[in-house]
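Structure, as structure tokens:
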Amino acid sequence: MYDLLVVGAGPYGLSIASHAAAAGLNLRVFGRPMASWRDHMPDGMFLKSEPWASNLSDPGGRWGLDAYCAEQGLTARHAHPIPVEAFASYGLWFARNAVPEVDERTITRVSSGPGGFTAVTEDGQALHARTVALAVGVMPFIEVPPALRGLHPTLVTHSSHHSDLGHFQGKDVTVIGGGQAALETAALLAEQGTRVRVLARAERLRWNDVPPPWERPWWRSVRSPHSGLGPGWRNWFYAERPALFRRLPQASRSRIAATALGPAGAWWVRDRVERAVDLLPGQEVTAAAAVPGGLRLDLAGRDGSRRSLETEHVIAATGFKAHRDRLSLLSAELRGTLAALPDGSPVLGRSFESSHPGLFLAGLVTASGFGPAMRFVYGATFTASTLVQGVRRRLRSAPVRGAVSVPGTGSRSGSPSPVRG
Ligand SMILES: Cc1cc2nc3c(=O)[nH]c(=O)nc-3n(C[C@H](O)[C@H](O)[C@H](O)COP(=O)(O)OP(=O)(O)OC[C@H]3O[C@@H](n4cnc5c(N)ncnc54)[C@H](O)[C@@H]3O)c2cc1C
């Protein structure tokens with residue numbers, strides 16, 4: 001019986017595992033490390049978050065992105081975006097150094113079992129643990145607009161289905177969405193010789209400003225402080241005070257989680273898009289149908305206009321919707337016991353524990369509880385330490401006969417060791 005199973009080896013799962021191992025918990029970590037960054041983003045993308053706001057978290061603060069970059073001879077400076085490939089490699093380095101061995105198998109089922117939980121691996125092994133931290137990231141929550149659902153994947157894909165855009169060379173592609181994933185995907189497509197247009201519901205595309213310099217007069221910092229989510233007091237509150245955010249009325253939290261830091265392109269992608277991409281803001285797809293050579297999209301404009309266009313492929317860069325019912329690796333019985341907010345996301349206690357004792361959640365699915373920082377790597381630092389404290393409290397409050405370790409004093413399940421693959 002393990003103290004803790006961490007399901008997911010992205011920035012959140014790895015950070016939780018690092019804190020849990022340092023606390024002496026007997027744990028296992030599952031998942032392909034940094035899979036979202038290695039398998040679901042095309043080469044050539046950059047992080048939108050600042051390098052100093054893109055750290056995975058270990059209790060000693062030893063394994064930050066700046067330390068990795070210094071070791072590799074890379075630049076990690078304010079206002080210098082980091083390539084996605086470098087960030088994925090940083091995550092693997094973190095996993096090798098700050099986390100017990102990661103088991104790359106996928107967990108296919110988590111159910112409640114005697115004294116805690118039973119998790120089943122893709123090859124059928126059952127493991128038992130007193131607590132589980134689900135850090136499965138964004139992929140279970142892919143959102144495609146209703147008008148585009150049900151079409152064949154040769155015609156419609158989600159932006160996160162692509163790690164290589166090469167097969168769209170010479171084709172005509174329509175990207176749906178007005179956020180960074182849509183705009184950067186469109187720029188990469190145009191630069192490789194794809195005819196590309198972007199359709200966005202908003203009347204105008206939004207672009208983030210070049211961030212203010214790191215060093216600046218104090219009165220400028222007071223007026224608009226830096227924060228892990230961008231400059232300004234509002235962002236500072238979301239980034240630096242997630243525990244206070246949780247005390248806001250539930251309706252406000254859900255509204256802010258859904259709307260704060262809404263779709264916008266990074267300052268450094270603007271020229272690349274405006275130069276080469278056909279931009280159609282203020283348009284919504286109302287229907288889509290397969291036609292010879294591609295598909296036809298029916299569009300409704302915000303001005304009441306109607307039109308159609310034909311394209312060879314649609315990439316829906318339409319984000320993710322964290323809903324309890326999409327946590328399909330939880331058994332129906334366990335999922336059914338999870339209380340949910342009106343927006344469908346799970347109710348969480350102050351330490352990220354769901355309404356099912358011992359089941360903890362991390363990442364995007366916690367944004368309605370702890371705020372927009374949970375949509376970004378930046379939130380992993382607060383999450384990892386707070387969640388592991390909660391796990392330790394849970395283990396102390398519900399001792400299990402024959403438990404194998406005492407949190408905080410027991411032996412580590414394993415010292416940091418190489419990640420496979
Ligand atoms: C295109 C794009 C660009 C982004 N850019 C930024 C950015 O610049 N800065 C930023 O802060 N955030 C960015 N984000 C958001 C980013 O996804 C999150 O900040 C971060 O990846 C969340 O980490 P995570 O650990 O919750 O999830 P993920 O990184 O998605 O990791 C989830 C992990 O769980 C594993 N897993 C899932 N299911 C199972 C299972 N059943 N069994 C075992 N393992 C499982 C996966 O293999 C994966 O390793 C971006 C997102 C997208 C889509």
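Every heavy atom of this structure was used, including side-chain atoms; hydrogens, water molecules and symmetry mates were not. Both ligands and their constituent atoms are indexed starting at 1 by order of listing. Computed from a prediction, not measured in an experiment: that's the story for all the values here.
Every atom of ligand 1 is numbered from 1 in the order shown, and the set under 4.0 Å from a heavy atom of Ala35 is 46 (C), 47 (O), 48 (C), 49 (O). Within the listing of ligand 1, atoms 32 (C), 34 (O), 37 (C), 38 (N), 39 (C) sit less than 4.0 angstrom from a heavy atom of Val136. Here is the list of ligand 1 atoms found below 4.0 Å of a heavy atom in Val7: 40 (C), 42 (N), 43 (C). Those atoms of ligand 1 that come under 4.0 Å of a heavy atom in Ile107, given as number and element, are 40 (C), 41 (N), 42 (N), 43 (C). Set against the non-hydrogen atoms of Arg32, the atoms of ligand 1 under 4.0 Å away are 47 (O), 48 (C), 49 (O). Every atom of ligand 1 with a heavy atom of Gly31 under 4.0 Å away is listed here by number and element: 43 (C), 44 (N). Shown in contact with Leu329 at under 4.0 Å from a heavy atom are these atoms of ligand 1, numbered in order with element: 41 (N). Shown in contact with Met34 at under 4.0 Å from a heavy atom are these atoms of ligand 1, numbered in order with element: 49 (O).
Taking the centre of each ring, Phe117 and His356 come in below the 6.0 Å mark. For Trp63 and Tyr68, the distance between ring centers is not under 6.0 angstrom. Taking the six-membered ring for Trp and the full ring otherwise, the centers of His78 and His226 sit less than 6.0 Å from each other. Aromatic rings of Phe87 and Trp37 (six-membered ring for Trp) have centroids within the 6.0 Å cut-off, being under it.
The closest protein non-hydrogen atom to atom 34 (O) of ligand 1 is Gly8 CA, 3.2 Å. Summary of contacts: the protein heavy atom closest to atom 9 (N) of ligand 1 is Ser49 OG, 2.7 Å. Nearest protein heavy-atom contact of atom 11 (O) of ligand 1 is Val377 N, 2.7 Å. Shortest contact from atom 26 (O) of ligand 1 to any protein heavy atom: Tyr12 CD1, 3.3 Å. Residue, atom and distance of the protein heavy atom nearest to atom 17 (O) of ligand 1 are Val138 CG1, 4.0 Å. From the protein, the heavy atom lying nearest to atom 31 (O) of ligand 1 is Gly10 CA, 3.4 Å. Remark: minimum distance from atom 51 (C) of ligand 1 to any protein heavy atom is reached at Met41 CE, 4.0 Å. Nearest non-hydrogen protein atom to atom 30 (O) of ligand 1 is Ser36 OG, 2.4 Å.
With respect to Asp343 and Arg255, no salt bridge is recorded, no charged nitrogen being found less than 4.0 Å from a carboxylate O. A salt bridge does not link Arg220 to Glu215: none of the charged nitrogens lies less than 4.0 Å from a carboxylate oxygen.
Heavy atoms of Met139 stay at 4.0 angstrom or farther from ligand 1. For the ligand labelled ligand 1, residue Ala135 lies inside the 4.0 Å heavy-atom shell. At least one heavy atom of Phe320 sits less than 4.0 Å from an atom of ligand 1. Using a 4.0 Å cutoff on heavy atoms, Ser160 does not count as a contact of ligand 1. Not close to ligand 1: His40, with no non-hydrogen atom less than 4.0 angstrom away.
The residue from Tyr378, Trp37, Phe46 that puts a heavy atom closest to atom 14 (N) of ligand 1 is Trp37.
Considering backbone and side-chain atoms alike, Thr106 places every N or O at 3.5 Å or more from each N or O of ligand 1. At least one N or O atom of Lys48 sits closer than 3.5 Å to an N or O atom of ligand 1. For the pair Pro11 and ligand 1, the shortest N or O to N or O distance falls below 3.5 Å.
Taking the six-membered ring for Trp and thresholds of 30 and 60 degrees, Trp93 and Tyr90 have ring planes inclined between 30 and 60 degrees apart. Note: Phe237 and Phe245 have tilted aromatic rings, judged against thresholds of 30 and 60 degrees for the angle between ring planes.
Proximity of Arg375 to ligand 1, defined as any heavy-atom pair under 4.0 Å, is confined to the backbone N, CA, C and O atoms.
Proximity of a side-chain donor or acceptor of Arg253 to a complementary backbone N or O of Ser368 within less than 3.5 Å is detected.
If you take CZ on Phe382 and OG1 on Thr366, they are separated by 9.5 Å, rounding to the nearest 0.5 Å. Remark: Met45 CE to Glu184 CD distance equals 4.5 Å, nearest 0.5 Å. Rounding to the nearest 0.5 Å places CG of Leu56 at 5.5 Å from CE of Met34. His158 contributes atom NE2, which lies 11.0 Å from atom CG of Leu148 (distance to the nearest 0.5 angstrom).
In this model, a donor atom of one side chain and an acceptor atom of the other lie less than 3.5 Å apart for Thr157 and His162.
Around atom CZ of Arg149, more than 12 heavy atoms belonging to other residues, nucleotides or ligands sit under 6.0 Å away.
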